[in-house]
There are 2 protein chains.
Amino acid sequence: MPKRVTIADVAAHAGVSHMTVSRVINGANAVSEGTRQRVQAAIDDLGYRPSGIARSLATQRTRTLGVVVPDVSNPFFSDIVLGVEHVAYAANYNVFLCNTEEDPERELSVLHSLEEKQVEGLILCSSRLDDKDLDLALRNHPATVLINRRLPQPDVSAVLVDYELGARLLVEHIVQAGRRNLAFLAGPSASQSRVWRESGYSKALAAADLPPRPARVRSCAPSVAGGQEAARALLSEYPEIDALLCYNDLVAVGALQAAAALGRRLPDDVAVTGFDDIALAALVTPPLTTCRVPRYELGVQAMKLLWQHINGDSSSPALITIPPELVIRASTPSPAT
Amino acid sequence: MPKRVTIADVAAHAGVSHMTVSRVINGANAVSEGTRQRVQAAIDDLGYRPSGIARSLATQRTRTLGVVVPDVSNPFFSDIVLGVEHVAYAANYNVFLCNTEEDPERELSVLHSLEEKQVEGLILCSSRLDDKDLDLALRNHPATVLINRRLPQPDVSAVLVDYELGARLLVEHIVQAGRRNLAFLAGPSASQSRVWRESGYSKALAAADLPPRPARVRSCAPSVAGGQEAARALLSEYPEIDALLCYNDLVAVGALQAAAALGRRLPDDVAVTGFDDIALAALVTPPLTTCRVPRYELGVQAMKLLWQHINGDSSSPALITIPPELVIRASTPSPAT
DNA sequence: TTTGTAGATGTTAGCGCTAACATCCCCCAT
DNA sequence: ATGGGGGATGTTAGCGCTAACATCTACAAA
């Protein structure tokens, strides 16, 4: 490594004390214009860059954040990350991105390492940790905002999507379209948002005087393959099913494919709904009826909340709930059926 | 902020010197089993976490990397990021993710701030900087690996996709299928990979004894909307076009939609090809013929290369070229036409 | 003239760790 | 006994910066 230019080098070069250099790089006003320019010239000459590490040690501020997601290659999370990073950049913060790859142990380990890196804030998306572990892992973390997850203790902020509402909207839409034999591809069992969606599903079923039929709620991986598999199984076991509500759009696309492969017409024989409204949803055949979740906005909101916590503007934890929006496309029949 | 537990606290608690604690947390062998346990107990008692910052200052190693992409929400880049982060995690490194949002100034600023954060390595994807600025910005950076970009000076490593080959494979396939009136939706003009693709396109055209027809090469935004717009314009101006080669799959999907909207049958009237083979490509109607770029692998390769540089295993810069692979689907007619 | 005062600059002491060297103690070979 | 050696532990001096206080100069007010 080529030896780093330090503040002392600049000071010597400019013929001042290192403290004056420090003042210049930090824009302090107590420096005369003449020396300011002299120091600046020395900085440029030497190509000096202050060491963020040394600065952090001295100030106890790292201007660094952690964002933890199960998987950035999932468009749901990459949009969130984009939103977070956008606001963070404007606030002059850098973001550590960590993927847990759906592995709780890795999540723990990542949280641990972010702690050592001394991030000033943490945004944790869709944690797969149970309440106890999560609470414990967060104990030593400073400002934290959860996305799509809440803790029973009301002391940590969260940005949530009203999945229950979303599921209800979808079920109501499906029922209005005349379908009575619904099934639910429920997604991963460790996900809290699954519980919320399932609850909305059940309640809407009950409201429509439809029986619960728990056998038609099936866990699956939150992917195209997961949806394909679960849909195939479900449709084979219960041929009378005429509507598949899916955990998210990826699962729905899988369901679409499985249904088509089994010779079902879409949406005449089987209606399919997704969730999230990722780009894909509008582009498959038939285009998916889904529930739009403003993901970028979710990231922005979470970051703004985190920002407040970091600055101590609002020490009390907040809960923001974002309503999703029904988007009707051709994968469900029109209500006039 | 609750006062941080330091190594001195642990030392006092365990009745040893701070140096012994340091030895324990670093797994040095020169500590007797008895004190090791005593120190470990103190660490657990106090919930001590070593300060990465202080450690970095003392050791001059940050165990931190920077990854710069135009936009993580683009699946092309999010897959790369996933690959990079996967390998980085295994090597116990954390990754700063930065989006440039296609803005060269922001790219510069981000590179600058990563320098201050003292990342040990940098992976820069599809830089939008011109050669001079890029070279300058990289001067002070330690290990660097470029993705989808190379510099005339051969002193910085890069992982590249053989776009020229890919474009040639696609053109050959199209020509074999009997099409003669090709057009090219060429993507953003600032992109270096666009140049490579265009070159492959031209060469393959020449090899097939087809005229170059530069008017049928059209720039467009690398998105569905960009493809839609450019395809509409091109198909209206030149109704005889019977094949659209597209910059990437997103553009191709837009082209698909535009062609359909103009009443063209796919692929009978117009064949369409994409590039990259993102998940979407297989899921649209008709499924896209495309060229698969192993994105995750690209990230993994880049990270491995970076790793070698960081460890000084190979100080000489390397150029890795990854060949893409033709994937034939229904958006192009079979050669037997 | 003396003193006060404010602005510009310098000095010192950390921030929390590790590298490098110093010390101590116990046991063994002589 | 006695010196030597090696394993266990301690001491000291930074890493590159900033906070806090100290100093110095010049000039205005008394």
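Contacts of residues 10-25 of chain A with DNA chain C (heavy atom under 4.0 Å): A:Val16, A:Ser17, A:His18, A:Met19, A:Thr20, A:Arg23. For the segment residues 35-55 of chain A, residues with any heavy atom less than 4.0 angstrom from an atom of DNA chain C are, sorted by number, A:Thr35.
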B:Tyr48 and B:Asp9: side-chain contact (heavy atoms from CB on, under 4.5 Å), yes or no, with the steps? CA-CA 9 Å; B:Tyr48 168 70; B:Asp9 301 326; over 6 Å; no

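Residues B:Thr144 and B:Leu306 come closest through the heavy atom pair N-CD1, 4.0 Å. The two residues A:Ile7 and A:His18 come nearest to each other via the heavy atoms CD1-O, 3.6 Å. Between B:Asp131 and B:Pro152 the shortest heavy-atom distance is OD2-CD, 3.2 Å. Here the closest non-hydrogen pair linking A:Glu120 and A:Arg63 is OE2-N, 2.6 Å.
Whole-Å rounding puts the B:Glu33 CD to D:dT9 P distance at 11 Å. Protein atom NZ of B:Lys117 is 16 Å distant from nucleotide atom C1' of D:dG16, rounded to whole Å. The CG-C1' distance, from A:Leu57 to D:dG14, rounds to 12 Å in whole Å. Counting to the nearest Å, the P atom of C:dG16 and the CZ atom of B:Arg61 are 23 Å from each other. Between the P atom of C:dG10 and the CD1 atom of A:Ile7 lies a distance of 12 Å, rounded to the nearest Å.
Side-chain atoms of B:Glu107 never come within 3.5 Å of backbone atoms of B:Ser127 as a donor-acceptor pair (strictly under, hydrogens ignored).
At D:dC15, none of the side-chain N or O atoms of B:Ser56 fall inside 4.0 Å of OP1 or OP2 (strictly under the cut-off). Phosphate contact (OP1/OP2 of C:dC15, side-chain N/O of B:Thr6, threshold under 4.0 Å): absent.
Between B:Tyr296 and B:His86, the angle of the ring planes lies from 30° to 60°, which puts this pair in the tilted group.
Here the side chain of B:Gln60 is nearest to one of D:dT9, C:dC15, D:dG16, namely D:dG16.
Heavy-atom neighbours of A:Gln153 CD from other residues, nucleotides or ligands within 6.0 Å: above the threshold of 12.
With sequence neighbours excluded, the residues that form a salt bridge (Lys or Arg N to Asp or Glu O under 4.0 Å) with A:Arg106 are A:Glu101, B:Glu85.
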